[in-house]
Asker: 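Shown below is the structure under consideration.
Given the structure is predicted, the values throughout are model-derived calculations rather than measurements. The chains referred to below are lettered A, B, ... by the order of the sequence lines, with proteins before strands, and numbering in each begins at 1.
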Amino acid sequence: MRRYFQNVCIIFTATTAVLLPGTIAVQAAENDELHEIETKYIFGTFTVGSSTGIEGEKAFEPETEANFGKGGGGRYGVSQTVLEYEYTPTQYLQIEFGPSVSYYNIHNVPGLDDRNMAAINGFEAEFRSVLIDRNPSPIAVTLSLEPEFHSRDETSGAKVVNYGLEAKLEADAELIKNRLFWGFNLLYEPETTRADLGQWENETTFGISSALAYQIVPNVVIGADLWYLRHYDGAAFNSFTGDAVYLGPTFYWKIAPKVLMSAAWETQITGHEPGVSARLDFTDFSRQRARLLLEFEF
Amino acid sequence: MQVSHFLRRAVRPMKILFAITLLGTAVLFVSEHSNAQQSASVSISVKDHRFQPSQLSAPANRPISIRVKNLDSAPMEFESTSLRVEKVIAPGSEGVVNVRALAPGRYEFFDDFHQQTRGTLVVQ
């Protein structure tokens with residue numbers, strides 16, 4: 001386990017070593033074609049930027065996360081779509097809420113029941129607040145609190161009662177004005193779940209991410225996203241059950257002044273589960289994960 | 001008995017989540033309103049889809065009130081990503097955009113209905 005943790009530390013240290021001096025040193029010439037851009041979705045939505053939107057802005061945002069692949073063969077595909085209404089009441093606060101719909105396609109996966117079904121799966125809300133503005137600080141930071149309720153297990157689709165709170169620090173820096181951005185997220189997500197046996201069980205996910213986003217032409221941004229996730233039983237990191245590193249490309253396109261899309265596809269490149277010799281953790285995490293978000297402002 | 005036990009167990013996390021959410025929201029509003037102070041006023045016009053003047057100046061660390069006059073025959077939307085404001089202004093009318101206190105720097109703004117119409121707020 002120590003070896004995996006060291007590897008992850010090396011990856012993050014290398015990324016930071018490359019990027020942080022750039023934050024200070026790079027003062028590239030402004031490109032007249034490029035203008036200020038909201039950073040919230042430019043990192044592909046696994047890593048979220050610090051922008052909290054524009055005061056009075058309202059938007060509809062269908063956001064889908066899909067997970068593919070579990071170890072041991074079989075077919076595993078699970079998606080969850082949140083139909084979010086987003087509102088920015090002040091220049092400091094953004095609110096989102098909406099129901100979620102899940103789809104499960106599970107066949108011959110060891111440890112999981114076969115399932116091919118769709119279901120309305122719960123309700124999520126999100127409150128985002130600016131903690132540190134970009135100017136004069138080179139790094140902007142936003143706090144996000146996302147209370148969630150789900151009636152189906154996100155991995156297996158089994159009926160449960162699940163409450164969670166996804167707390168995130170969402171930071172970013174503009175390395176080259178209007179051109180190159182660095183994003184960083186810190187995640188703490190405690191959950192409590194009541195399954196068939198009637199017992200409430202707590203679990204926690206901790207995560208840290210680093211992402212780069214480059215505006216190649218006006219309103220089109222490409223990049224890469226790196227996540228390190230650790231999963232525990234218990235609400236306060238009680239018992240470590242596994243970790244994983246995800247890496248993949250991101251894409252952002254502001255299609256029209258009031259319409260945008262953001263997408264990311266990530267692969268588990270390394271992972272660890274105590275007592276298991278495999279080099280990936282398929283119990284707590286999937287082999288692949290993807291997100292697609294559309295935003296329609298009105 | 002089991003149902004009431006279940007409800008008690010289910011309601012408790014909801015209460016915690018609700019309390020956290022409420023606390024967070026309260027902190028946000030308090031921090032926002034603690035910055036209340038007299039605002040500085042600046043004015044700008046839009047004619048032939050150009051801001052006049054294209055560059056505004058305002059003092060740092062004070063809220064700013066921007067009066068925008070639309071002299072064109074088409075509606076415009078004053079918008080800024082870094083100022084985090086937007087306002088639709090009908091043809092031949094004017095509107096006021098209130099901006100929080102800002103640190104020194106340059107802040108872009110534009111007409112979201114005519115994206116080539118752009119200007120800069122210089123805060124010093």
Side-chain angles (χ1 to χ4, degrees), chain A residues 30 32 34-40 51-57 88-95 97 125-131 133-137 140 143-149 161-165 167 174 177-178 190-194 198-200 202 218-219 235 256-258 297, chain B residues 2-3 5-33 35 60-61 63 77-88 97-116 118 120 123:
Chain A
E30 291 183 31
D32 289 343
L34 303 176
H35 302 291
E36 289 176 349
I37 189 169
E38 282 203 46
T39 57
K40 183 178 179 184
S51 293
T52 54
I54 287 170
E55 183 177 350
E57 199 174 63
T88 307
T90 79
Q91 291 166 33
Y92 299 88
L93 175 69
Q94 187 169 61
I95 300 169
F97 55 87
E126 186 174 1
F127 301 84
R128 303 177 73 244
S129 164
V130 177
L131 294 184
D133 253 329
R134 186 180 312 287
N135 189 17
S137 165
L143 171 68
S144 165
L145 296 175
E146 190 172 339
E148 303 172 341
F149 162 74
V161 177
N162 167 271
Y163 298 98
L165 178 68
E174 200 174 29
K177 188 169 175 53
N178 299 332
E191 294 177 67
T192 184
T193 305
R194 178 185 177 275
Q199 296 294 314
W200 287 89
N202 298 324
N219 299 319
K258 306 288 188 190
E297 191 191 326
Chain B
Q2 271 192 334
V3 171
H5 178 69
F6 164 75
L7 284 175
R8 273 203 306 275
R9 294 299 302 267
V11 164
R12 196 169 62 179
M14 281 187 74
K15 281 182 177 172
I16 293 169
L17 294 182
F18 184 70
I20 290 169
T21 301
L22 211 60
L23 182 66
T25 308
V27 168
L28 296 174
F29 277 102
V30 168
S31 65
E32 181 183 356
H33 288 94
N35 289 331
N61 304 316
E77 184 173 37
F78 182 92
E79 183 164 329
S80 170
T81 303
S82 51
L83 299 176
R84 302 204 285 267
V85 291
E86 67 177 6
K87 192 174 191 69
V88 175
V97 178
N98 294 309
V99 180
R100 67 196 184 281
L102 298 168
R106 297 172 68 85
Y107 300 83
E108 291 179 18
F109 55 83
F110 58 97
D111 174 0
D112 200 26
F113 296 159
H114 308 88
Q115 297 260 331
Q116 77 283 2
R118 290 182 174 270
T120 308
V123 175

Asker: To the nearest 0.5 Å, what is the distance between CG (B:D112) and CD1 (A:I54)?
Answerer: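 Here the interatomic distance stands at 7.5 Å.
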
Asker: Can you tell me how far the CG atom of A:D133 sits from the CZ atom of B:R100, to the nearest 0.5 Å?
Answerer: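 Between atom CG of A:D133 and atom CZ of B:R100 there are 5.0 Å.
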
Asker: Is the shortest distance from a Lys or Arg side-chain nitrogen in A:K258 or B:E77 to a carboxylate oxygen in the other one below 4.0 Å?
Answerer: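 Counted as a salt bridge, because a side-chain N and a carboxylate O are separated by less than 4.0 Å.
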
Asker: Taking side chain as everything from C-beta outward and backbone as N, CA, C, O, which of these in A:I37 sits under 4.5 Å from a heavy atom of chain B? Side chain, backbone, both or neither.
Answerer: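 For A:I37, the backbone is the part near chain B, not the side chain.
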
Asker: Pick one of side chain, backbone, both or neither for A:E297, based on which atoms fall under 4.5 Å of a heavy atom in chain B.
Answerer: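 The side chain, not the backbone.
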
Asker: Which distance, rounded to the nearest 0.5 Å, do you find between the OG of B:S80 and the NE2 of A:H35?
Answerer: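 The NE2 atom of A:H35 is 12.5 Å from OG of B:S80, to the nearest 0.5 Å.
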
Asker: Are any side-chain N or O atoms of B:R84 and backbone N or O atoms of A:Q91, one a donor and one an acceptor, separated by less than 3.5 Å?
Answerer: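 Yes: the side chain of B:R84 pairs with the backbone of A:Q91.
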
Asker: A:E126: what forms a salt bridge (charged side-chain N to carboxylate O under 4.0 Å, His left out) with it, not counting sequence neighbours?
Answerer: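 Here the qualifying residues are A:R128.
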
Asker: To the nearest 0.5 Å, tell me how far A:E36 CD sits from B:R118 CZ.
Answerer: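 Reported value, rounded in 0.5 Å steps: 8.5 Å.
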
Asker: Quick one: what part of B:Y107 sits under 4.5 Å from any heavy atom of chain A, side chain, backbone, both or neither?
Answerer: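 Both the backbone and the side chain of B:Y107 come within 4.5 Å of chain A.
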
Asker: Quick one: what part of B:L83 sits under 4.5 Å from any heavy atom of chain A, side chain, backbone, both or neither?
Answerer: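 For B:L83, the backbone is the part near chain A, not the side chain.
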
Asker: Would you check if B:Q115 and A:N219 make a side-chain contact, meaning some heavy-atom pair closer than 4.5 Å?
Answerer: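 Side chain of B:Q115 against side chain of A:N219, heavy atoms only: no contact under 4.5 Å found.
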
Asker: Around atom CD of A:Q199, are there more than 12 heavy atoms of other residues, nucleotides or ligands at under 6.0 Å?
Answerer: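 It does not: A:Q199 CD has 12 such atoms or fewer within range.
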
